[in-house]
2 protein chains.
Amino acid sequence: MTEPRWLDPLEMRIWRGFLEASLRVDQRLDASLKEAAGLTLEDYEVLVALSESEGRRLRMSELSAWLLHSQSRLSHRIDRLERRGLVRREKCPEDGRGLLAVLTDDGFAELVAAAPGHLGDVRGALIDLIEPAEREVVANVLERIVAANRDPDTQTGIGQAARS
Amino acid sequence: MTEPRWLDPLEMRIWRGFLEASLRVDQRLDASLKEAAGLTLEDYEVLVALSESEGRRLRMSELSAWLLHSQSRLSHRIDRLERRGLVRREKCPEDGRGLLAVLTDDGFAELVAAAPGHLGDVRGALIDLIEPAEREVVANVLERIVAANRDPDTQTGIGQAARS
DNA sequence: CCGGGGTGGTTGAAAATTCAATAATTGAAT
DNA sequence: ATTCAATTATTGAATTTTCAACCACCCCGG
């Protein structure tokens with residue numbers, strides 16, 4: 001109950017900026033992708049993950065972990081992509097419980113068609129806005145944030161972990 | 001049309017880091033807030049916006065613009081908050097079309113109760129991870145990103161924005 | 001071989017979001 | 001006054017996400 005240390009102006013700029021930048025970049029990329037290719041940014045990420053994997057296939061559980069989504073959410077999403085013919089499910093040979101999401105040729109083709117435009121959006125919305133001299137700092141900060149917020153919840157003194 | 005310039009390793013670290021950091025920070029704050037106060041991060045943002053406004057009230061349209069949400073989405077969200085008694089609607093005296101979302105005393109109390117814990121989370125998940133020497137750069141970059149992705153018009157010229 | 005405990009994934013219903021259509025009001029032009 | 005276009009917000013249906021229950025299979029100990 002002690003008086004919390006409030007955010008000073010610089011900290012507030014970072015916090016608000018982070019929140020708004022995330023939203024805006026996401027909204028812009030999503031809208032652009034949807035209009036140009038009929039794909040959600042999430043759909044696109046699914047296709048990317050599969051296309052970069054051995055045999056263009058991935059276990060459902062690995063894919064959901066990579067996407068930072070629940071298995072249920074992924075399952076429904078794959079349903080929709082499968083209905084559109086961009087992905088199909090295959091039984092996992094090594095583990096009878098498992099399923100593989102496999103990128104179809106159609107799916108790969110849609111990815112290839114969408115990629116250049118999307119790449120341009122990523123540059124326009126984010127990358128080209130960061131000066132070369134700033135890039136190393138930004139990359140390091142982002143990676144530190146990712147690491148600190150990775151699942152192993154028992155994070156280093158999060159200041160207020162003592163509140164079951 | 002031309003061969004797209006792919007992302008180099010540093011650019012890729014930034015892009016991936018940005019995407020993952022956004023998701024992780026959001027998920028963590030949302031989970032923490034939900035557990036500690038029964039509020040979504042979005043609910044919380046609604047209460048904050050109202051609490052900081054004249055008379056703790058705001059036009060629906062202003063609120064939705066501030067939150068970067070559609071009016072429909074806000075309307076449904078206010079339905080839920082109103083059902084819980086944290087917010088109520090009032091007719092706008094100056095414009096018969098308008099409605100004001102007004103923060104109730106209960107709503108303000110919940111905000112006050114949730115704020116210290118949330119503030120700690122924001123520090124733990126984001127602010128404290130950025131070295132003092134890095135902060136100015138980070139704030140500037142984020143604000144540049146926000147500005148470049150603000151609604152005005154679809155800066156279709158993906159190549160690059162205005163070169164000053 | 002059999003029985004548990006744990007993992008991988010799906011399912012369906014509930015909750016939230018999006019999308020298109022609608023109603024009410026304003027401001028401006030006729 | 002009256003009409004017309006634009007603005008404000010809500011509504012309900014379709015889509016998507018979340019949540020909890022569930023099934024099938026793996027692994028391991030008896």
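Both backbone and side-chain heavy atoms feed into the values below; hydrogens, waters and symmetry mates do not. In what follows, chains are A, B, ... by sequence order, proteins preceding strands, each numbered from 1.
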Bracket string, DNA chain D, 5' to 3' - pairs by Watson-Crick or G-U geometry under 3.5 Å, | interstrand: ||||||||||||||||||||||||||||||
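Looking at heavy-atom distances under 4.0 Å, B:Ser61 makes contact with sugar-phosphate atoms alone, never a base.
The closest side-chain heavy-atom distance from A:Arg123 to A:His118 is not below 4.5 Å. Considering only heavy atoms from C-beta on, A:Asp95 comes within 4.5 Å of A:Arg59 through its side chain. The side-chain heavy atoms of B:Gln71 and B:Ser61, taken from C-beta on, include a pair separated by under 4.5 Å. Side-chain contact between A:Leu126 and B:Asn149 is absent, with no heavy atoms from C-beta onward closer than 4.5 Å. Two residues are said to be in side-chain contact when any heavy atoms from C-beta on lie closer than 4.5 Å; B:Leu100 and B:Lys91 fail this criterion.
Counting to the nearest Å, the P atom of D:dT7 and the CD atom of B:Glu62 are 15 Å from each other. The nearest whole Å value for the distance from the CZ atom in A:Arg59 to the P atom in D:dC26 is 10 Å. The distance from atom CE of A:Met60 to atom P of D:dA24 is 18 Å, rounded to the nearest whole Å.
Of all nucleotides in DNA chain C, those with any atom nearer than 4.0 Å to a heavy atom of chain B start and finish, going 5' to 3', at C:dA16 to C:dT26.
The stretch residues 46-54 of chain A does not touch DNA chain D, since none of its heavy atoms comes less than 4.0 Å from the strand. Residues from residues 73-99 of chain B lying near DNA chain D, meaning a heavy-atom separation below 4.0 Å, are B:Ser75, B:His76, B:Arg89, B:Arg97, B:Gly98, B:Leu99 in numerical order.
Pairs engaging residues 99-117 of chain A under the salt bridge (charged side-chain N to carboxylate O under 4.0 Å, His left out) rule: none recorded [sequence neighbours left out].
Residues passing the salt bridge (charged side-chain N to carboxylate O under 4.0 Å, His left out) test with A:Arg13 are B:Glu136, B:Glu143, sequence neighbours excluded.
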